[in-house]
Chemist: 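Next up is a structure, given as structure tokens.
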Amino acid sequence: MKKRVGEFVRRAVTAVAAERGFAAADLPEIVIEQPREKSFGDFASNIAMQLAGRWKTNPRAIGEALRLELEKEPDLARVTVDGPGFINMTLDVGCWHRRLVEIAEAGDDFARLDYGRGRKVLVEFVSANPTGPLHIGHGRGAAVGDVLARLLTRAGYEVDREYYVNDAGNQMRILGRSLRWRYLELLGHRSGPLPEGYYQGEYLVKLAQEVRSAHGDGLVPADLTEDDDQGLDFFTPYAAEAILNGIRNDLELFGVGFEYWTSEKEFFTSGRVDAVLDELREKGVLYEQDGALWFASSRFGDEKDRVVVRANGVKTYFASDIAYHRDKFERGYDLLIDVWGADHHGYVPRLRAAIEALGCDPERFAVILVQLVSLSRGGTPVAMSTRSGEFITLEEVVREVGRDAARYFFLTRRSDSHLEFDLELAKAQNNDNPVYYAQYAHARICSILRKAREEEFDVHGTELRAGCGSCLTMPEELELIKKLDDFTALLESAARNLEPHRLTYYLDDLATRFHSYYNRHRVVTDDRETSRDRLLLVTCIRQVINICLGLLGVSSPERM
RNA sequence: GCGCCAGUAGCUCAGCUGGAUAGAGCAACGGACUUCUAAUCCGUAGGCCGGGGGUUCGAGUCCUCCCUGGCGCGCCA
């Protein structure tokens, strides 16, 4: 609807511009907004004030001229010029009734946008090192990335999800040694605290038991020293694979899947890291200093240059990440989105610098930073320490509070804002819990529809469509229709700004309006005409709630 | 020291990339079930949008300088 009104305004501006001899070419962008104050009307435009500067004319005078043009539009019931020069417009109620019928006819396809125009997007998220199970912070990244992918898909993008597996480097060797140590501990060859830097979680003890029962006691000699690599060819990949499988299971439990699992190691073994370094060398942005090879990222806005090959000949993580992002661009994506923990924010400028140096468009690369999650239980903080290995895993959280609540909670805040996750609140089966609010609205509507069927309304068939919505004249009914109509604009702005949390706010608002309406008015009444139109309205509300919950990856229960 | 992000009601947070009189939930208080589900609703109260200056018709939103908190500043990943 906003776009249609924008079209009205555009026509009016063009007409007035022609009348006054101004070029139609350099008109400002027409912005239509919904005024906060309802009495101003359905939509407003600030165009008169924008034109005032260019045309050197009083904004109210321009507004009046535009009003005369706009009043020719049959769909506009009322046009006024208010305040400093706002043009306020009210649509004919018939427009809203027709819109409701459109929404009903669109069904589940309502609010499938063409905003992305089929452009290809890669959303890379989670990408946790396979050195331990996923914790709750990863869960937030998983929820944000997954919902963003769903959102962009609905907005008309072609979306792939990818998990980048950091299976190379020193940490993998330490992982292998940690497992080997646990294995030797089982055999009585090790005791006491783990060496410095080893992974301490209980999961490696369990894994060592698996190794022992599957492969026996003779994998490595008992007198092995800790700096010996013996046996790591077995232990390292064994541990990485087992942990990665666990991560896959946790994500599946959480309702998150990926098109691609890409291995960092393969960028080294396939020579693609070397290739990208050669490419950078040819561009003259690499140099040697102190025995190491540096990338001159400061020439592209980074605060200092970065090492890509250490003096000992080992390539850095950064080097493989350049190759990785080079590869993503070469795979033909129009937009790359990385979802990272906010503690990696200092890494953004160097990667952007590398992308620019390679001649790729940095505008097509976006990073979403996800802030840490602090966990509490009934208001008291739950201590978490990765170092001691005592952290709450994502699996534990999902098993305790359920997938729906966990996913919903992760999206109740902007991603770059701290999130306090209260386990008691998330699993509360009462009205403190925001998760059930929207689900309850859905279930309630389903209940109404069951009742309507008892009263022999054909809720799925033609009877509702025959209703034109003209009985819906109360302000709260029109507000509900407008809110439903606004869902397309909401989706577009959430997609444009890469802000999936807006879905939960929209949903909460829609559910609030519905619950309020429900408490004031019966849908199924003695009056068949009124009932039919109200059923049409609640059917559409149910549809939109269902679509929105689906985007969040949360179920839409028919009974609660 | 430098950089990034934040600072909005008692608490937790929204605020649609500059709009009109700044919103919600929780907490507090008072009400509503003979009804299509009370996991709901209605009402009351709550504010120097961290502070100063600037940009303009107009600033919570933009620019600048301070204050406070978190994070980052490795030839780790």
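All values reported here derive from a predicted model rather than from experimental measurement. By convention in this document, chain letters (A, B, ...) are assigned in the order of the sequence lines, proteins followed by strands, and residues within each chain are numbered from 1.
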Chemist: Looking only at side-chain atoms of A:Arg444, point me to the closest of B:rC13, B:rU40, B:rC75.
Modeler: B:rU40
Chemist: Counting side-chain heavy atoms from C-beta on, which of B:rA77, B:rA38, B:rU35 comes nearest to A:Glu264?
Modeler: B:rA77
Chemist: Decide yes or no on ring-ring contact (aromatic ring centres under 6.0 Å, His included) for A:Phe86 and A:Phe40, but give the supporting numbers first.
Modeler: CA-CA 10 Å; A:Phe86 287 102; A:Phe40 289 149; 7.9 Å; no
Chemist: If you measure from the P atom in B:rG50 to the same atom in B:rA38, how many Å do you get, rounded?
Modeler: 41 Å
Chemist: A:Phe409 CZ to B:rU12 P: how many Å, rounded?
Modeler: 15 Å
Chemist: Between B:rG19 atom C1' and A:Asn46 atom CG, what is the distance in whole Å?
Modeler: 7 Å
Chemist: Assign B:rC62 to syn or anti; the rule is syn for a glycosidic angle within 90° of 0 and anti otherwise.
Modeler: anti
Chemist: Nearest whole angstrom, please: distance from the P of B:rA39 to the NE2 of A:His442.
Modeler: 18 Å
Chemist: Of A:Thr316 and A:Glu420, whose closest RNA chain B nucleotide lies nearer the 5' terminus?
Modeler: A:Glu420
Chemist: CG of A:Asp321 versus C1' of B:rA77: gap in Å, rounded?
Modeler: 10 Å
Chemist: Any idea which heavy atoms bring A:Glu264 and A:Ser320 closest together, and the distance?
Modeler: OE2-OG, 2.9 Å
Chemist: Under 3.5 Å, which N/O atoms of the protein pair with N/O atoms of nucleotides 20-23 of chain B?
Modeler:
from   : atom 1 : to      : atom 2 : distance (Å)
B:rA20 : OP1    : A:Arg36 : NH2    : 3.2
B:rA20 : OP2    : A:Arg36 : NH2    : 2.4
B:rA20 : N6     : A:Asn88 : OD1    : 2.6
B:rA20 : N1     : A:Asn88 : OD1    : 3.4
B:rA20 : N1     : A:Asn88 : ND2    : 3.0

Chemist: Angle between ring planes, A:Tyr317 versus A:Tyr164, binned at 30° and 60°: parallel, tilted or perpendicular?
Modeler: tilted
Chemist: Does the structure show a Watson-Crick or G-U wobble partner for B:rU44, both distances under 3.5 Å? Name it, or say none.
Modeler: B:rA28
Chemist: Between A:Asp416 (CG) and B:rG7 (C1'), how many Å, whole number?
Modeler: 13 Å
Chemist: Expressed in angstrom and rounded to an integer, what is the separation of A:Arg414 atom CZ from B:rU12 atom P?
Modeler: 15 Å
Chemist: Taking atom C1' in both B:rG25 and B:rA14, compute the distance separating them and give it to the nearest angstrom.
Modeler: 10 Å
Chemist: How about A:Gln439 and A:Tyr408: does a side-chain donor come under 3.5 Å of a side-chain acceptor?
Modeler: no
Chemist: Of the options B:rU40, B:rC36, B:rA77, whose atoms approach the side-chain atoms of A:Tyr440 most closely?
Modeler: B:rU40
Chemist: Check the orientation of A:Trp261 and A:Tyr163. Use parallel for under 30°, tilted for 30 to 60°, and perpendicular for over 60°.
Modeler: parallel
Chemist: Which nucleotide sits closest to the side chain of A:Gln171: B:rC16, B:rC36, B:rA77?
Modeler: B:rA77
Chemist: Take A:Ser493 and A:Ala443, find for each the nucleotide of RNA chain B with the closest heavy atom, and name the residue whose nucleotide sits nearer the 5' end.
Modeler: A:Ser493
Chemist: Please state the P separation for the pair B:rU44 and B:rA39 - nearest whole angstrom.
Modeler: 24 Å
Chemist: Quick check for you: among B:rC75, B:rG15, B:rA39, whose closest atom lies nearest to any side-chain atom of A:His501?
Modeler: B:rG15
Chemist: With C1' as the reference atom in both, quote the distance from B:rU61 to B:rG23 in angstrom, rounded to an integer.
Modeler: 15 Å
Chemist: Check nucleotides 70-73 of chain B against the protein and report each pair of N or O atoms closer than 3.5 Å, with its distance, or say if there are none.
Modeler:
from   : atom 1 : to       : atom 2 : distance (Å)
B:rC71 : O2     : A:His345 : NE2    : 3.0
B:rC73 : O3'    : A:Lys304 : NZ     : 3.4
B:rC73 : O2'    : A:Glu303 : OE2    : 3.4

Chemist: Would you please name every residue forming a side-chain contact (heavy atoms from CB on, under 4.5 Å) with A:Asp526, sequence neighbours left out?
Modeler: none
Chemist: How many whole angstroms separate atom NZ of A:Lys265 from atom P of B:rA77?
Modeler: 16 Å
Chemist: Output all residues satisfying salt bridge (Lys or Arg N to Asp or Glu O under 4.0 Å) with A:Arg542, sequence neighbours left out; order by chain, then residue number.
Modeler: none
Chemist: Is A:Arg272 close enough and on-axis enough to A:Phe267, meaning under 6.0 Å and within 45°, for cation-pi?
Modeler: yes
Chemist: Parallel under 30°, tilted from 30 to 60°, perpendicular over 60°: which one fits the rings of A:Tyr506 and A:Phe487?
Modeler: tilted
Chemist: If you look only at pairs with a residue in residues 484-500 of chain A, which of them pass as a side-chain hydrogen bond (donor to acceptor under 3.5 Å, both in side chains), with sequence neighbours excluded?
Modeler: A:Lys3-A:Glu492, A:Gln34-A:Asp486, A:Arg99-A:Asp485, A:Ser493-A:Arg502, A:Glu499-A:Arg502
Chemist: Measure the distance from NZ on A:Lys315 to P on B:rA77 and round it to the nearest whole Å.
Modeler: 12 Å
Chemist: Nearest of B:rG15, B:rU40, B:rC75 to any side-chain atom of A:Trp294?
Modeler: B:rC75
Chemist: Under the side-chain contact (heavy atoms from CB on, under 4.5 Å) rule, collect the residues that match up with A:Leu423, sequence neighbours excluded.
Modeler: A:Leu375, A:Arg377, A:Val397, A:Glu400, A:Val401, A:Phe421
Chemist: What does A:Asp290 touch in the nucleic acid at a heavy-atom separation under 4.0 angstrom: a base, only the sugar-phosphate, or nothing?
Modeler: base
